[in-house]
Asks: 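I'd like to ask you about the structure that follows.
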Amino acid sequence: TALLIEPPPLGSADIQPRYFFAAFSEEVDNTFTGSNLYESDDGGSSYTFRITSPSAARVGLVAVALVAPVNYGVWDDTNTFDVVLYQGTLGSVSELDVLNGMNWALLGNEVIGFQNATLIAARTYHISHILRGRKGTEGFVGTHTTNEYFTLLTTTLKTSERVGYPTTRIDIAHDYKILDATLNIGAAIPFSYAPDGTSIKPWAPVLRGVGRETFTSGLLLTEYFIL
C-alpha cells in the first residue's frame with residue numbers, strides 16, 4: 001500500500017513538480033519488505049519502474065476529524081487528535097525543533113507541526129501543541145474528515161521517496177501499480193493518479209493591509225504568508 005502525496009513546497013529547494021511515494025503495509029503485524037512504484041503512460045498496456053521505497057513511511061489514520069483553530073497563526077492548544085500508525089513510531093520534540101521543520105506532517109491537505117506525541121495505546125499517539133496551516137495550507141484547517149490519513153514528512157520521504165515529473169503532466173491522469181517483494185506486476189491492481197503541481201503553485205496571502213506611504217500619494221499593499 002502507498003499514498004502519492006503532494007504537499008506544497010517545503011523549502012527553497014522544493015519548488016519543482018513532484019510527489020512523494022509514501023509506502024507502508026496495512027497489515028501491521030507484517031514486516032515491511034519494501035515497495036516499488038510503476039507507472040503507465042499508455043493506458044495500462046505497459047508499465048515503467050519509477051521508484052523503490054525500502055522502508056515504511058510513517059503513515060496512520062486519524063479517526064476523528066480535527067477541528068479548525070480560532071487562530072492558525074499561533075500554537076493550537078485547544079484541539080488535539082489521536083493517530084494510529086501502521087508502522088514506525090512518533091516522538092515529542094521541542095518547540096524550536098518544530099519551528100525548524102521537525103515533526104511536520106500532512107493531515108488531509110493541511111500541513112501541521114506538532115510538539116507532543118504521547119503513546120497512549122499500541123501504535124496510537126495523542127498529538128498536541130500543534131502549529132496549523134503551515135506552508136500555505138491555512139485554507140484547509142477546517143476541511144478535515146473522519147478516518148483521514150496522516151503522513152509524517154520525514155527527511156527520507158522528502159529526499160529518497162521523491163518523484164519528479166514535467167509540468168506537462170499536471171492534471172493528467174496515468175495508471176500506477178504498487179508491487180511488494182512477492183507480487184508480480186500482472187497481479188497488481190492498477191489505480192489512477194493525476195499530479196496537480198501543488199509544489200510550484202504560490203502560497204495564498206492570508207493577511208492584507210493597505211496603508212498610505214508617507215513619501216508619496218500612492219497606496220502600499222502589504223501581503224503576509226504563513227510559513
Side-chain angles (χ1 to χ4, degrees), residues 1-26 32 34-44 46-62 83 85-88 101-113 133-141 143-145 147-180 183 185 188-204 226-227:
T1 305
L3 302 176
L4 305 186
I5 61 173
E6 283 191 86
L10 301 174
S12 58
D14 188 30
I15 53 174
Q16 296 81 31
R18 56 89 180 105
Y19 56 84
F20 299 138
F21 179 48
F24 62 99
S25 173
E26 291 182 319
F32 183 81
S35 288
N36 299 314
L37 179 68
Y38 287 79
E39 178 184 4
S40 174
D41 60 3
D42 56 10
S46 62
Y47 284 84
T48 301
F49 171 78
R50 290 305 309 269
I51 194 172
T52 186
S53 178
S55 58
R58 276 174 268 185
V59 174
L61 271 184
V62 177
V83 56
L85 290 186
Y86 290 102
Q87 281 92 32
M102 291 183 64
N103 273 7
W104 285 44
L106 184 67
L107 178 61
N109 290 311
E110 181 187 358
V111 176
I112 64 170
R134 302 295 94 185
K135 302 298 183 182
T137 61
E138 63 282 344
F140 298 106
V141 298
T143 64
H144 294 287
T145 61
N147 297 318
E148 203 167 40
Y149 279 116
F150 163 101
T151 306
L152 192 68
L153 299 173
T154 63
T155 300
T156 298
L157 183 68
K158 292 184 289 185
T159 56
S160 301
E161 272 79 54
R162 174 193 180 100
V163 181
Y165 59 87
T167 55
T168 53
R169 279 286 326 283
I170 293 175
D171 293 329
I172 303 298
H174 280 190
D175 290 330
Y176 293 83
K177 287 187 175 184
I178 299 169
L179 278 68
D180 61 20
L183 190 66
I185 196 165
I189 299 174
F191 65 95
S192 180
Y193 174 71
D196 59 16
T198 299
S199 58
I200 60 171
K201 294 177 181 178
W203 298 345
I226 295 294
L227 298 177

Asks: Could you go step by step and tell me if F20 and V163 meet the side chain to side chain contact (heavy atoms under 4.5 Å, CB included) rule?
Replies: CA-CA 6 Å; F20 299 138; V163 181; over 6 Å; no

Asks: At their closest point, which heavy atom of I51 faces which heavy atom of S160, and how far apart are they?
Replies: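 Between these two residues, the closest heavy atoms are CD1-O, 3.3 Å.
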
Asks: Quick one: pull up CG in L37 and OG1 in T48 and give me the separation to the nearest 0.5 Å.
Replies: 11.0 Å

Asks: Got a donor-acceptor contact below 3.5 angstrom from the E110 side chain to the G133 backbone?
Replies: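 Checked: pair present.
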
Asks: So do the side chains of T137 and L106 get within less than 4.5 Å of each other, counting heavy atoms only?
Replies: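 Counting from C-beta outward, T137 and L106 never come under 4.5 Å.
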
Asks: What's the spacing between Y165 OH and T167 OG1 if we round to 0.5 Å?
Replies: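 Between atom OH of Y165 and atom OG1 of T167 there are 9.5 Å.
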
Asks: When you measure from the side chain of S192 to the backbone of A173, do you find a donor-acceptor pair of N or O atoms at a distance under 3.5 Å?
Replies: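 Such a contact is absent between S192 side chain and A173 backbone.
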
Asks: For P54 and T52, which heavy atoms make the closest approach, and how far apart are they?
Replies: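 Looking at all heavy atoms of both residues, the closest pair is CD-O, 3.8 Å.
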
Asks: Any salt bridge (Lys or Arg N to Asp or Glu O under 4.0 Å) pairs touching residues 147-168, not counting sequence neighbours?
Replies: D14-R162

Asks: Ignoring hydrogens and geometry, is there a side-chain-to-backbone donor-acceptor pair from T154 to L157 under 3.5 Å?
Replies: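 Yes, because the side chain of T154 sits within donor-acceptor range (under 3.5 Å) of the backbone of L157.
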
Asks: I'd like to know if the side chain of S199 and the backbone of Q16 have a donor-acceptor N/O pair within less than 3.5 Å.
Replies: yes

Asks: Under a 4.5 Å cut-off applied to non-hydrogen side-chain atoms, are L179 and Y47 in contact?
Replies: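 In short, these two side chains do not touch, never coming nearer than 4.5 Å.
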
Asks: Taking the side chain as every heavy atom from C-beta outward, state whether I170 and I200 have any pair of such atoms under 4.5 Å apart.
Replies: yes

Asks: At their closest point, which heavy atom of F21 faces which heavy atom of N36, and how far apart are they?
Replies: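 Minimum heavy-atom separation between F21 and N36: CZ-C, 4.1 Å.
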
Asks: For a 4.5 angstrom cut-off between non-hydrogen side-chain atoms, does P7 reach R18?
Replies: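 They are in contact (side-chain heavy atoms under 4.5 Å apart), so the answer is yes.
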
Asks: I need the minimum non-hydrogen distance between I15 and P9, along with the two atoms involved.
Replies: CG2-CB, 4.0 Å

Asks: Enter the distance from T145:OG1 to L107:CG here, rounded to the nearest 0.5 Å.
Replies: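 The CG atom of L107 is 8.5 Å from OG1 of T145, to the nearest 0.5 Å.
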
Asks: Just say parallel, tilted or perpendicular for the rings of Y176 and F191, cut-offs at 30° and 60°.
Replies: parallel

Asks: Using 0.5 Å steps for rounding, measure from the CD1 atom of I172 to the CG atom of D196.
Replies: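 If I round to the nearest 0.5 Å, the distance is 12.5 Å.
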
Asks: What I'd like to find out is whether the side chain of F32 reaches to under 4.5 Å of the side chain of D180, using heavy atoms alone.
Replies: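 Side-chain contact under 4.5 Å: no.
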
Asks: Measuring from atom CH2 of W104 to atom NZ of K135, what distance do you get when rounded to the nearest 0.5 angstrom?
Replies: 4.5 Å

Asks: Given L85 and F150, is the side chain to side chain contact (heavy atoms under 4.5 Å, CB included) satisfied, shown in steps?
Replies: CA-CA 8 Å; L85 290 186; F150 163 101; 4.3 Å; yes

Asks: Give me the atom names and distance for the closest heavy-atom approach of S25 to Y86.
Replies: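 Closest pair (atom of S25, atom of Y86, distance): O-CB, 3.6 Å.
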
Asks: Between atom OH of Y193 and atom CG of L3, what is the distance when rounded to the nearest 0.5 Å?
Replies: 10.5 Å

Asks: If every non-hydrogen atom of E6 is compared with every non-hydrogen atom of P195, which pair is closest and at what distance?
Replies: OE2-CA, 3.0 Å

